[in-house]
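One structure is given below, encoded as structure tokens.
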Amino acid sequence: MFFKVRDLNSKTSVDYIIVGQGLAGSCLALQLIKENKRILVIDQFDEHSATQAAAGLFNPVTGRVMSKTWKADTLFPYLHDFYREAEALTGSKFFHSMPLYRPFLSIEEQNEWMGKSAQQDFKDYIASVDTHEAHAGLVKNPFGGLTLRQAGWLDTAAFSQAVRQYILKHELLLNDTFDEDLLVLKDEEIQYRNYSAHKIIFCQGVKALTGKLFSWIPIRPLKGETLTIQTDVKIDTLYNRGVFVVPETGKVGATYQPNDQQPTVTEAARNELKSKLDELVCFPYRIITQSWGIRPTTPDRRPILGPHPEHPNAIFFNGLGTKGVSLAPYFSKVLAAWIENKGAINKEVDIERYKHYNYGGNIPR
Ligand SMILES: Cc1cc2nc3c(=O)[nH]c(=O)nc-3n(C[C@H](O)[C@H](O)[C@H](O)COP(=O)(O)OP(=O)(O)OC[C@H]3O[C@@H](n4cnc5c(N)ncnc54)[C@H](O)[C@@H]3O)c2cc1C
């Protein structure tokens with residue numbers, strides 16, 4: 001098996017402490033367990049954390065102009081292996097690899113994708129370009145549509161719950177709010193309450209902004225809302241145009257509300273999602289619930305990894321933004337390798353690039 005199972009009795013000395021157990025903390029925990037490290041995870045469950053709120057889609061071709069996502073050739077093959085192995089380790093089901101269908105809006109768009117499908121760059125991701133109504137009766141697709149492979153969805157809440165159960169059984173978990181005032185950072189080790197460790201890794205999502213050590217990092221909160229619908233129609237494909245519809249969970253989303261920090265759902269978001277859903281699907285549905293969460297995005301849309309400029313034992317893993325499901329597996333591997341002195345952090349994601357960003361401390365050079 002990929003991950004090593006090891007039983008731990010309660011100990012106060014661990015290799016690493018991880019603060020936060022969303023997608024970032026969960027993936028990093030699995031990587032360190034794989035390295036046979038002893039870990040303590042401290043997480044206060046929050047039903048509105050990005051990981052709990054997420055729909056969990058992973059899609060290698062995205063954006064307004066529909067291009068291959070950043071590092072898709074590296075991230076996508078790896079995420080499939082990673083989540084499947086995590087399922088085997090935890091004995092749970094949360095990973096759903098399935099095609100994603102995007103209806104065309106015009107003949108021009110259909111022609112454009114006929115051309116792109118011949119390009120080497122897209123060959124691993126395009127399953128078919130349909131010129132007929134391939135999903136008639138389910139979605140509005142008079143000009144056909146594009147079917148992508150290597151896509152799917154992760155049940156992010158089930159994934160983090162499965163990892164939590166695994167940590168509870170084999171490692172150490174504190175279901176508590178981490179209190180930064182109780183943290184003692186020394187050169188050779190760090191201490192927190194009655195625990196000591198070599199390093200502490202902060203995977204707090206947007207709550208990084210409320211702490212002291214890393215609040216200077218420009219994490220930009222981006223609120224999103226989703227609807228959950230019920231329908232009698234059987235869906236076995238992800239539909240995505242304006243909004244996405246996830247089979248099984250019935251999640252529809254998501255909005256992007258950069259100027260809204262209200263800790264509540266809004267009527268405007270409900271109307272926006274409903275109107276976009278009506279443009280996409282033909283089947284009848286009922287809206288069951290609406291929920292919200294806040295994504296931890298960054299100015300350059302890249303994750304942020306690495307040590308605090310003055311406290312090298314305090315490490316940051318954040319900025320997964322809108323694509324946590326595809327970014328977290330690979331970049332947790334990069335970070336775990338770096339922590340263990342087995343690899344480097346890629347420049348594009350290195351915390352170094354933000355070290356002068358509103359940082360008031362004396363940075364050693
Ligand atoms: C509506 C919505 C839809 C989304 N859809 C998708 C999608 O389809 N596909 C995709 O890839 N991504 C999606 N995302 C983005 C994705 O959810 C995020 O990229 C990802 O979940 C971020 O994970 P994280 O671990 O960095 O942060 P979080 O999920 O916020 O996790 C941080 C954890 O740390 C805990 N924590 C923080 N501070 C403390 C403390 N002091 N003490 C104890 N615990 C603490 C929090 O309670 C939380 O449990 C979506 C996000 C939203 C909001």
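One-based numbering, in listed order, for ligands and for the atoms of each.
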- Per-residue contact class, Asp179 against ligand 1 - non-hydrogen pairs under 4.0 Å: neither
- atom 48 (C) of ligand 1 [closest protein heavy-atom partner, distance rounded to 0.1 Å]: Asp43 OD1, 3.5 Å
- Message: Is it true that, when you exclude Asp187 itself, more than 12 heavy atoms of the residues, nucleotides or ligands shown sit nearer than 6.0 Å to its CG?
- Response: no
- Message: Using a 4.0 Å cut-off to any heavy atom of Asp176, which atoms of ligand 1 qualify?
- Response: 42 (N), 43 (C)
- Run the numbers for me: atoms of ligand 1, each under 4.0 Å from some heavy atom of Asp46, listed by number. 47 (O)
- Task: Pull out every atom of ligand 1 sitting under 4.0 Å from any heavy atom of Leu57, numbered as shown with elements.
- Result: 7 (C), 8 (O), 9 (N), 10 (C), 11 (O)
- Message: Please report whether ligand 1 has a polar contact with Pro296, defined as an N or O pair separated by less than 3.5 Å (distance criterion only).
- Response: no
- Query: Is Thr255 touching ligand 1 with its side chain, its backbone, both, or neither, if touching means heavy atoms under 4.0 Å apart?
  - Reply: neither
- Item | Region of Lys223 engaging ligand 1 - heavy atom pairs below 4.0 Å | neither
- Query: How far is atom 27 (O) of ligand 1 from its nearest protein heavy atom, and which residue and atom is that?
  - Reply: Gly205 CA, 3.4 Å
- Task: Anything under 30° is parallel, anything over 60° is perpendicular, the rest tilted; go ahead and classify Tyr78 against Phe82.
- Result: tilted
- Message: Need the ligand 1 atom indices (1-based, order shown) with element for anything under 4.0 Å from a heavy-atom of Gln21.
- Response: 33 (C), 34 (O)
- Task: Tell me which part of Ala328 gets within contact of ligand 1: side chain, backbone, both or neither, using heavy atoms under 4.0 Å.
- Result: neither
- Query: Which of the atoms of ligand 1 are close to Ser49, meaning less than 4.0 Å from one of its heavy atoms?
  - Reply: 29 (O), 30 (O), 48 (C)
- Item | Gly321: numbered ligand 1 atoms lying under 4.0 Å from its heavy atoms | 15 (C), 16 (C), 18 (C), 19 (O)
- Counting from 1 in the order shown, the ligand 1 atoms closer than 4.0 Å to a non-hydrogen atom of Gly293 are 53 (C)
- Note on the structure: the protein heavy atom lying closest to atom 17 (O) of ligand 1 turns out to be Ala50 O, 3.1 Å
- Taking Gln21 as the fixed residue, which of Gln204, Gln44, Gln161, Arg164 is the one that meets the side-chain hydrogen bond (donor to acceptor under 3.5 Å, both in side chains) rule? Arg164
- Looking only at distance, does Val206 have an N or O less than 3.5 Å from an N or O of ligand 1? no
- Task: Please state whether the rings of Phe95 and Phe58 are parallel, tilted or perpendicular, taking 30° and 60° as the class boundaries.
- Result: parallel
- Do me a favour and list the nearest non-hydrogen protein atom to atom 34 (O) of ligand 1 with residue, atom name and distance? Gly20 CA, 3.1 Å
- Query: Do Glu340 and Lys34 meet the salt-bridge criterion of a basic N to acidic O distance under 4.0 Å?
  - Reply: no
- Residues two or more places apart in sequence or in another chain: which of them pass side chain to side chain donor-acceptor pair (under 3.5 Å) with Trp292? His48
- Query: Considering only heavy atoms, does Gln44 approach ligand 1 within less than 4.0 Å through its side chain, its backbone, both, or neither?
  - Reply: both
- Note on the structure: Nearest heavy atom to atom 5 (N) of ligand 1, choosing from Gly319, Ala55, Ser160, belongs to Ala55
- Close side-chain approach of Ile200 to Leu183, heavy-atom, < 4.5 Å: yes
- Message: If I apply the N/O under 3.5 Å rule, does Ala54 come out as touching ligand 1?
- Response: no
- Query: By number and element, which atoms of ligand 1 are closer than 4.0 Å to a non-hydrogen atom of Lys207?
  - Reply: 37 (C), 38 (N), 46 (C), 47 (O)
- Short N-O contact, Arg241 and Glu279, less than 4.0 angstrom: no
- Item | Tyr330 side chain near Leu335 side chain, heavy-atom distance below 4.5 Å | no
- Message: Please check whether Gly324 reaches ligand 1 - meaning an N/O of the residue sits under 3.5 Å from an N/O of the ligand, judged on distance alone.
- Response: yes
- Message: Please check whether Thr51 reaches ligand 1 - meaning an N/O of the residue sits under 3.5 Å from an N/O of the ligand, judged on distance alone.
- Response: yes
- Does an N or O anywhere in Phe178 fall below 3.5 Å from an N or O of ligand 1? yes
